Amino acid sequence: MTPSASAAVALVAGTAVAAAVVLVMPAVAERLIPASSSAATAETLFNAAVFGCLLAAGALGGGLFAVNAFTLGTRPLAMVAAGTLVGVSGVLLAAAVAAALGTLQVGTGTASAGGVLLWGAAVVLVQAGAEEVYFRGWLQPVAVRGWGAASGVAAASLAFTMLHAVGGARAPLSFVNLFLGGLLFGMIALLGRGLAGAVAAHGSWNGAEQLLLGLDPNPGVGGFGAAMNFDLVGGDEGLNASLVMTLVLLALLVPAVLLLRRRRAA
């Protein structure tokens, strides 16, 4: 099979498998979680079931298509630091702009203790890591090998967006922002030649949004609570469906594109 055909097969099969996991596993997880479980325990078990399957599928897909889906890349510690900076600063910048526009308000809910937040941070990191292994560890390298960097990153980002559409995203801007977020994580993976920076960026982005600012879910907070609790006015998809997030993602993509172009020129 040619690299181009292999990329097409991987993208079609990978998107279908991811969709099946998101459609089937939540119902399975809900049946297995004891009714007496706390909100944090239930969310942990739910994520373990859904994203554990996604992680295993990514590892298997990588093996079948001759890529190491767990490659951390070059200078992993530096990439983790850079990715964390991108993730946290992106969410904080979006929240600051929303506050300046008057669309950010203090929500209702109880802040969580540090131990619960650390627990939640570990779960968020596993969730983000599973998605990165699947999309940037398996699908993106196969797509880049077959179609080149630009098309490969875009194809993996489209599959990433489709997964979240199956998972419940509905607002048009959510699809735009999910695609842009996929591009950002994909470019970070290219820059680092592996997953270290992408996992850090994805995990810190979700962690800052959910556990630091309490913006996801919107309104309210998740099973682990949040250090603070803010809500965005209008819509239950929060920052994902906001124009503010679109502008922030575009602003973050510009230096990533410039760095990749400089590397190619060198």
Side-chain angles (χ1 to χ4, degrees), residues 51 54-55 58-59 61-62 66-96 114 117-145 148-157 159-160 177-213 227 239 245 247-266:
F51 293 99
L54 198 67
L55 184 66
V67 297
N68 181 359
F70 296 92
T71 300
L72 293 179
T74 57
R75 303 179 63 200
L77 293 180
M79 290 306 301
V80 165
T84 302
L85 178 63
V86 168
V88 174
S89 62
V91 172
L92 292 181
L93 178 59
L117 290 178
L118 288 175
W119 178 4
V123 173
V124 168
L125 186 60
V126 169
Q127 174 188 344
E131 291 187 357
E132 289 308 306
V133 165
Y134 198 91
F135 292 101
R136 261 64 66 175
W138 167 32
L139 293 183
Q140 179 170 297
V142 176
V144 168
R145 186 172 63 195
S151 297
V153 171
S157 300
F160 177 74
N177 290 337
L178 285 164
F179 181 73
L180 293 176
L183 290 180
L184 178 63
F185 301 146
M187 289 182 184
I188 292 173
L190 279 183
L191 285 167
R193 296 186 173 90
L195 292 180
V199 171
H202 194 166
S204 61
W205 191 292
N206 289 1
E209 187 177 4
Q210 296 172 25
L211 303 174
L212 178 61
L213 299 181
L239 280 178
M245 182 61 79
L247 297 176
V248 168
L249 286 167
L250 289 172
L252 291 171
L253 280 167
V254 170
V257 171
L258 293 177
L259 284 171
L260 284 170
R261 291 183 64 182
R262 181 182 298 178
R263 173 179 290 177
R264 280 190 178 182

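Just so we're clear, the structure is a prediction, and the values are computed from it rather than from any experiment.
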**Student:** Could you measure the distance from the CD1 atom of Ile188 to the CZ atom of Arg136? Nearest 0.5 Å is fine.
**Tutor:** 9.5 Å

**Student:** Ignoring hydrogens, what is the shortest heavy-atom contact between Val153 and Val144? Give both atom names and the distance.
**Tutor:** N-CG2, 4.2 Å

**Student:** Contact between Leu195 and Thr71 at the side-chain level, heavy atoms closer than 4.5 Å - yes or no?
**Tutor:** no

**Student:** With side chain to side chain contact (heavy atoms under 4.5 Å, CB included) as the test, would you mind laying out the steps for Phe185 and Val86 before giving the verdict?
**Tutor:** CA-CA 10 Å; Phe185 301 146; Val86 168; over 6 Å; no

**Student:** Hey, what do you get for CG (Leu258) to CZ (Arg263), rounding to the nearest 0.5 Å?
**Tutor:** 13.5 Å

**Student:** Work out which heavy atom in Leu252 is nearest to a heavy atom in Trp205; give both atom names and the distance.
**Tutor:** CD1-CZ3, 3.7 Å

**Student:** Less than 6.0 Å separating the ring centroids of Phe160 and His202?
**Tutor:** yes

**Student:** Restricting to non-hydrogen atoms, name the atom on Ala130 and the atom on Phe51 that form the minimum distance, rounded to 0.1 Å.
**Tutor:** CB-O, 3.4 Å

**Student:** Can you name the nearest heavy-atom pair linking Ala208 to Val88, along with the distance?
**Tutor:** CB-CA, 4.4 Å

**Student:** Distance from Leu239 atom CG to Glu209 atom CD, nearest 0.5 Å?
**Tutor:** 5.0 Å

**Student:** Tell me, do Arg261 and Val257 make a side-chain contact under 4.5 Å, heavy atoms counted?
**Tutor:** yes

**Student:** Just how far is it from atom CZ of Arg145 to atom CD of Gln140, taken to the nearest 0.5 Å?
**Tutor:** 12.5 Å

**Student:** What are the two closest non-hydrogen atoms of Gly87 and Ser204, and how far apart are they?
**Tutor:** CA-OG, 3.4 Å

**Student:** Kindly compute the distance separating CG (Leu212) from CG (Leu92), expressed to the nearest 0.5 Å.
**Tutor:** 6.0 Å

**Student:** Grab the two heavy atoms, one from Ser157 and one from Gly182, that are nearest each other, plus how far apart they are.
**Tutor:** OG-C, 3.0 Å

**Student:** Can you tell me how far CZ of Arg193 sits from CZ of Arg75, rounded to the nearest 0.5 angstrom?
**Tutor:** 11.0 Å

**Student:** Does the side chain of Leu139 come within less than 4.5 Å of Tyr134's, by heavy atoms?
**Tutor:** yes

